[in-house]
Amino acid sequence: MITLYNFGPFQGLTDPSPFCLKVDCYMRATNIEFETNSGANYIGKSPKHKLPYIEDDGKAIGDSSFIIEYLKEKHGDKLDADLNLEQKALSRAFIKMLDENLYWCIVHSRWIGEGWPVLKEEFFGTMPFPLKQIIPGIAQKGVKKSLYQHGLGRHSDQEILDVAKKDITALSDYLGNKDYFLIDKPTTLDVAAFAFLAEVIVPTMKTQLSDMAKTHENLISFVARMKGQFYPE
């Protein structure tokens, strides 16, 4: 059986990472049996030194995109087999927008913006003194450095929110009044969009980003639809 290594539950979701949630949801959507081992301690064992990663038949695969490609090759492309070339191209473009752009906006809202006090307590609140006084600052400093190196961290808070708004509006505009993004059933794009939008819409953590996303009723309905279908528990 496949083992998925992730961080663990977070405010109504199976994981705080959209990449971990993406892989989890993909395997649920394709009926691939798997078990989960959770904890940040698995980062050091990951082939990419990040989570998620999976182990299957003695092989370790890291990075959500590579994991999904591996699963498609082994089990067949169950979600995207009915897509035409134009739809597959559009799917890739939207998924890369989520992976490479919206992700960093979510990181900023949680680690630098209004979500930081909540995230700090969620991630570090159970640490013994004095670690809980030291580790959060070190971790936040590392995230700030990553944001700056990426480029997004060089922008103002308002500019970052504007970037996120354009991404989320694009998703809302394209979804329109459809149940799913491309065809009448979930595809890999729906799995990825759910993973990222759910991280903004579902948690009780209140940020400007979450408030903005929740102005799009069709995205709220989409997240609820996917959550009810693949996470009925």
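Quick note: numbers below take in every heavy atom, side chains included, and nothing from hydrogens, waters or symmetry partners. Counting from 1, the numbers follow the sequence of the chain as shown.
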If only side-chain N and O atoms count, and only distance matters, is there a donor-acceptor pair under 3.5 Å linking [Y] with [X]?
{"X": "Asp190", "Y": "Thr187", "answer": "yes"}
{"X": "Asp80", "Y": "Thr188", "answer": "yes"}
{"X": "Lys72", "Y": "Thr30", "answer": "no"}

Which distance, rounded to the nearest 0.5 Å, do you find between the [atom1] of [X] and the [atom2] of [Y]?
{"X": "Asn37", "Y": "Glu55", "atom1": "CG", "atom2": "CD", "result": "8.0 Å"}
{"X": "Lys88", "Y": "Asp77", "atom1": "NZ", "atom2": "CG", "result": "6.0 Å"}
{"X": "Cys20", "Y": "Leu13", "atom1": "SG", "atom2": "CG", "result": "11.5 Å"}
{"X": "Asp167", "Y": "Asn101", "atom1": "CG", "atom2": "CG", "result": "4.5 Å"}
{"X": "Asp56", "Y": "Ile2", "atom1": "CG", "atom2": "CD1", "result": "4.0 Å"}
{"X": "Arg225", "Y": "Leu219", "atom1": "CZ", "atom2": "CG", "result": "10.5 Å"}

Donor-acceptor contact present, side-chain [X] to main-chain [Y], <3.5 Å:
{"X": "Ser146", "Y": "Gly142", "result": "yes"}
{"X": "His216", "Y": "Asp173", "result": "no"}
{"X": "Glu33", "Y": "Met1", "result": "no"}
{"X": "Ser46", "Y": "Ile43", "result": "no"}
{"X": "Ser210", "Y": "Lys206", "result": "no"}
{"X": "Gln11", "Y": "Met205", "result": "yes"}

His155: partners by ring-ring contact (aromatic ring centres under 6.0 Å, His included), with sequence neighbours left out: none

Across all chains, not counting sequence neighbours, the ring-ring contact (aromatic ring centres under 6.0 Å, His included) partners of Phe94 are Tyr174

Let me check something: do [X] and [Y] share a hydrophobic cluster, defined by ILVMFWY side-chain heavy atoms less than 4.5 Å apart, either directly or through other members?
{"X": "Tyr148", "Y": "Val143", "result": "no"}
{"X": "Leu119", "Y": "Trp104", "result": "yes"}
{"X": "Leu175", "Y": "Met212", "result": "yes"}
{"X": "Ile112", "Y": "Leu152", "result": "yes"}
{"X": "Ile95", "Y": "Leu197", "result": "yes"}

For [X], look at atom [atom1] and say whether over 12 heavy atoms of other residues, nucleotides or ligands are found less than 6.0 Å away.
{"X": "Arg92", "atom1": "CZ", "answer": "no"}
{"X": "Lys185", "atom1": "NZ", "answer": "no"}
{"X": "Lys141", "atom1": "NZ", "answer": "no"}
{"X": "Lys165", "atom1": "NZ", "answer": "no"}
{"X": "Lys144", "atom1": "NZ", "answer": "no"}
{"X": "Lys96", "atom1": "NZ", "answer": "yes"}
{"X": "Glu35", "atom1": "CD", "answer": "yes"}
{"X": "Lys45", "atom1": "NZ", "answer": "no"}

Could you check if a side-chain atom of [X] sits within less than 4.5 angstrom of a side-chain atom of [Y], using non-hydrogen atoms only?
{"X": "Met226", "Y": "Pro186", "result": "yes"}
{"X": "Gln87", "Y": "Leu189", "result": "no"}
{"X": "Tyr103", "Y": "Val107", "result": "yes"}
{"X": "Leu209", "Y": "Ile168", "result": "yes"}
{"X": "Glu121", "Y": "Pro117", "result": "no"}
{"X": "Val223", "Y": "Phe194", "result": "yes"}
{"X": "Phe10", "Y": "Glu122", "result": "yes"}
{"X": "Leu98", "Y": "Leu171", "result": "yes"}

Shortest non-hydrogen contact from [X] to [Y]?
{"X": "Ser91", "Y": "Leu182", "value": "CB-CD1, 4.0 Å"}
{"X": "Glu199", "Y": "Pro16", "value": "OE1-O, 3.1 Å"}
{"X": "Leu21", "Y": "Asp15", "value": "N-CB, 4.4 Å"}
{"X": "Gly39", "Y": "Leu51", "value": "O-CD1, 3.6 Å"}
{"X": "Gly62", "Y": "Pro47", "value": "N-CG, 3.6 Å"}
{"X": "Ala213", "Y": "Ile201", "value": "CB-CG1, 4.2 Å"}

Could you tell me whether Asp24 and Arg28 make a salt bridge, using a distance below 4.0 angstrom between a side-chain N and a carboxylate O? yes

I'd like to know if Lys50 pairs up with Asp63 as an ion pair, taking the criterion as any Lys NZ or Arg NE/NH1/NH2 lying under 4.0 Å from an Asp or Glu carboxylate oxygen. no

Measure the acute angle between the ring planes of Phe196 and Phe19, then classify it against the limits of 30° and 60° as parallel, tilted or perpendicular. perpendicular

is_close_aromatic(Phe222, Phe181), centroid dist under 6.0 Å: yes

Pairs under 3.5 angstrom only: tabulate donor-acceptor contacts from the side chains of residues 130-140 to other protein residues two or more places apart or in another chain.
residue, atom, partner, partner atom, Å
Lys132, NZ, Gly125, O, 3.1
Gln140, NE2, Trp111, O, 2.8

Run the side-chain contact (heavy atoms from CB on, under 4.5 Å) check on Asp99 and Lys22 step by step: do they pass? CA-CA 10 Å; Asp99 288 351; Lys22 187 204 307 186; 3.1 Å; yes

